[in-house]
Amino acid sequence: MPIRRRIGLVYLPGALPCFEDFGNLPTDLVGKDGQVDGKPASDILDMMIIPGGSLIESQSVNPVVSREILKMADAGKFILGICSGLQVLAKRTDVGRLSTVPIVREGLGLIDVEVQPLVCTDQVNAHVVGKSFLSDIIDKEVLGFHCHTYGKVILQGDSRSVLVSHVQRVNYRKMPQDLVSGVANREGNVVGVFVHALLDRNPILIESLMEALDVNQVELEEIRKVNAKLVSGIKGEIGINTNIYPTSVAVKKSPVMVLVTALGSGSGKTFLVTGMAGALKRRGYNVGLIKIGGDVRDSVPALYLVKGSMQSFASIKIGESGWLSMQEAISQACGVHDFLFVEGAMSAFTGLLNGKISRPASTLEVAASLGASVIVIVTCDKEGVEGGLVNVLNYVNTLRLLGVNPVGVILNKMSTSYLTEEDNLVIRQALENVGVRLLGVVPNMRFERRGMIPEVEICYNDFGVQALDVAERYIDLERLVKLAKAPSQNSVDYAAFVEKFKKLLINYPSNFSSRVE
């Protein structure tokens with residue numbers, strides 16, 4: 001039986017169609033031609049959802065799709081923009097987070113607001129403060145999460161606030177406050193929200209939406225059957241409009257993981273994890289992403305490629321930052337995925353000496369507690385391969401003396417033109433002498449521009465496709481899979497662990513040949 005109400009999901013490069021489930025409601029995709037079943041989307045659809053992603057940065061909402069959105073809004077049909085989708089509906093967004101002057105991207109102006117830089121990656125509760133098709137119950141509490149770089153809403157004209165989030169951290173600091181996180185046009189048929197997973201975690205909103213669409217429970221079940229087929233098709237492709245599909249199906253095994261760390265920020269962890277995740281998806285693995293600490297934005301480019309969703313296990317709590325304990329996060333993730341990438345925060349050692357926050361407080365403590373196979377990324381663009389090697393040899397030795405299991409090294413941003421075969425042999429031998437394998441040598445790709453930096457501005461399609469290409473060309477993926485191991489739950493005395501680290505520092509470098517008790 002054909003369904004009576006149809007809900008479109010914008011499917012363009014830079015969009016995140018699987019980042020959340022959208023209440024399992026979308027029945028159709030709206031691509032670059034703005035059509036559904038060969039007809040204008042505005043003629044077929046009763047509602048359109050514009051998902052999160054990098055649509056504003058990518059500028060992939062073309063005039064054809066824009067026209068269909070505007071026609072639906074003018075006809076009184078429902079439009080829901082989520083995160084980047086809100087920015088599409090807004091008048092303009094300043095994406096110049098680290099720029100001395102605003103870098104403005106124009107939106108459609110359906111909601112009279114401006115959006116400015118503000119980082120928030122909290123799980124949040126929020127309250128409904130204004131009526132719209134999403135809810136007509138004022139002061140109703142709802143749940144979800146934020147994951148944005150530009151999230152400060154400036155109300156103008158006849159725009160209305162319909163949702164306020166109660167957040168704990170903004171711009172990387174603990175700063176509890178209330179943020180406008182949902183806005184609507186005067187008529188209430190066009191709504192933009194910054195809270196993800198609203199339709200997944202709040203049944204009351206589904207009830208309100210179904211009432212607004214005049215959909216009964218039987219029809220809702222039919223919509224969700226159509227949605228299941230739609231999602232299955234979406235997840236087959238790696239990224240969007242890439243025409244890249246898995247070439248095999250990996251044999252389902254017990255879940256394994258690797259923890260990826262680096263000598264510091266700016267090493268390319270996110271770029272390389274994104275590429276490796278996409279490459280393993282291509283080989284048939286069900287890949288999961290976990291971030292140590294609360295900045296889950298780092299996992300989004302990989303989720304874009306593998307068509308994964310942002311779940312509560314996506315963030316391991318360290319200190320005051322993050323969502324779930326490592327035990328909860330790993331246990332939940334292992335129930336869903338067969339290969340996990342755990343991306344560290346900053347250096348593995350960062351936070352280890354901070355006695356003012358709860359433990360674990362560092363990537364290193366998480367690695368020790370999970371018995372993880374650790375991959376170390378070394379950036380060689382500033383110190384050359386020579387300086388990078390000296391640093392990583394010390395790094396690996398220190399990890400091992402503290403009971404952590406480094407297994408592989410990736411040399412990133414490296415100039416290779418002058419290296420001889422003998423030099424390459426020395427590099428491999430030096431690493432093998434400290435018990436790690438060289439997993440890859442990635443040349444300096446010079447991608448550090450706007451649109452390629454996750455914490456500043458990113459175009460997910462460009463970033464993801466280039467990361468996938470780099471992983472396929474330069475990283476030993478078969479060796480990587482062999483080095484992964486099942487996570488364990490080790491009991492770690494964090495106070496003793498920190499004291500051991502301090503003793504190692506005091507004795508450095510004379511005692512590298514003996515363990516510090």
Side-chain angles (χ1 to χ4, degrees), residues 256-264 266-280 283 339 341-344 347-349 363-364 367 371-447 466-485 508-509 511-515:
V256 294
M257 62 172 278
V258 293
L259 187 152
V260 181
T261 185
L263 272 61
S267 61
K269 288 193 303 292
T270 297
F271 182 77
L272 293 176
V273 167
T274 296
M276 292 186 290
L280 292 192
R283 286 156 175 75
F339 197 104
F341 283 99
V342 179
E343 182 179 344
S347 158
F349 301 96
T363 296
L364 188 63
S373 294
V374 175
I375 308 298
V376 183
I377 296 175
V378 186
T379 182
C380 301
D381 57 335
K382 293 182 175 64
E383 298 176 291
V385 64
E386 301 86 354
L389 278 172
V390 171
N391 288 336
V392 77
L393 292 173
N394 285 332
Y395 203 89
V396 166
N397 275 322
T398 304
L399 291 177
R400 187 160 285 117
L401 286 169
L402 291 168
V404 174
N405 182 34
V407 297
V409 167
I410 299 173
L411 301 177
N412 191 29
K413 303 181 184 180
M414 184 166 150
S415 176
T416 60
S417 59
Y418 63 89
L419 294 178
T420 66
E421 189 58 38
E422 180 182 0
D423 294 331
N424 290 323
L425 184 61
V426 167
I427 292 170
R428 290 182 179 276
Q429 188 62 57
L431 294 172
E432 289 178 6
N433 284 346
V434 295
V436 296
R437 299 294 296 266
L438 179 61
L439 294 178
V441 176
V442 180
N444 195 343
M445 310 300 288
R446 303 190 184 281
F447 289 149
Q466 292 182 33
L468 175 60
D469 179 63
V470 165
E472 294 279 13
R473 292 170 61 188
Y474 299 110
I475 295 176
D476 187 343
L477 297 163
E478 291 184 8
R479 175 60 61 183
L480 171 72
V481 170
K482 290 178 180 178
L483 291 174
K485 60 179 290 190
Y508 180 89
N511 282 337
F512 262 151
S513 60
S514 62
R515 292 194 175 275

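The chain is numbered in sequence order, starting from 1.
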| message | Checking Leu399 against Leu401 for the side chain to side chain contact (heavy atoms under 4.5 Å, CB included) test, could you report, in this order, the C-alpha distance in whole Å, the side-chain angles of both residues, the deciding distance, and whether it holds? | response | CA-CA 6 Å; Leu399 291 177; Leu401 286 169; over 6 Å; no

| message | Nearest 0.5 angstrom please: Ile410 CD1 to Lys269 NZ, how far? | response | 12.0 Å

| note | Residues passing the side chain to side chain donor-acceptor pair (under 3.5 Å) test with Asn424, sequence neighbours excluded, are none

| message | Please check this pair: side chain of Ser267 against backbone of Leu263, looking for a donor-acceptor N/O pair closer than 3.5 Å. | response | no

| field | Heavy-atom check, side chain of Val481 versus side chain of Phe339, under 4.5 Å | value | yes

| Considering residues at least two apart in sequence or located in another chain, which fulfil the side chain to side chain donor-acceptor pair (under 3.5 Å) criterion with Arg473? | Asp469

| task | For Leu259 and Thr363, run side chain to side chain contact (heavy atoms under 4.5 Å, CB included): C-alpha distance rounded to whole Å, both residues' side-chain angles, the deciding distance at 0.1 Å, then the answer. | result | CA-CA 9 Å; Leu259 187 152; Thr363 296; 3.7 Å; yes

| request: For residues Leu480 and Phe341, determine if any side-chain heavy atom of one lies less than 4.5 Å from a side-chain heavy atom of the other. | output: yes

| ring-ring contact (aromatic ring centres under 6.0 Å, His included) involving Tyr474 - partner list, sequence neighbours excluded | none

| query | Listed by chain and number, what are the side chain to side chain donor-acceptor pair (under 3.5 Å) partners of Asp423, not counting sequence neighbours? | reply | Thr420

| query | Tell me, do Val342 and Val260 make a side-chain contact under 4.5 Å, heavy atoms counted? | reply | no

| field | Gap between atom CD1 of Ile375 and atom CD of Glu343 - 0.5 Å precision | value | 13.5 Å

| query | Under 3.5 Å, is there a donor-acceptor pair between the side chain of Ser373 and the main chain of Leu483? | reply | yes

| Which residues share a salt bridge (charged side-chain N to carboxylate O under 4.0 Å, His left out) with Glu472, sequence neighbours left out | Arg282, Arg283

| message | side chain to side chain contact (heavy atoms under 4.5 Å, CB included) for Ile377 and Val409? Distances and angles first, verdict last. | response | CA-CA 6 Å; Ile377 296 175; Val409 167; over 6 Å; no

| Donor-acceptor pair, side chain of Asn412 and main chain of Cys380, under 3.5 angstrom | no

| query | If we only count heavy atoms from C-beta on, is the Leu389 to Glu383 side-chain gap below 4.5 Å? | reply | no

| request: Output, in order, the C-alpha distance, side-chain angles, deciding distance and verdict of side chain to side chain contact (heavy atoms under 4.5 Å, CB included) for Asn444 and Met414. | output: CA-CA 5 Å; Asn444 195 343; Met414 184 166 150; over 6 Å; no

With a 3.5 Å cut-off and sequence neighbours excluded, list the donor-acceptor pairs that the side chains of residues 430-443 form with protein atoms.
unit_1: Asn433; atom_1: OD1; unit_2: Gln429; atom_2: NE2; d: 2.8
unit_1: Asn433; atom_1: ND2; unit_2: Gln429; atom_2: O; d: 3.3

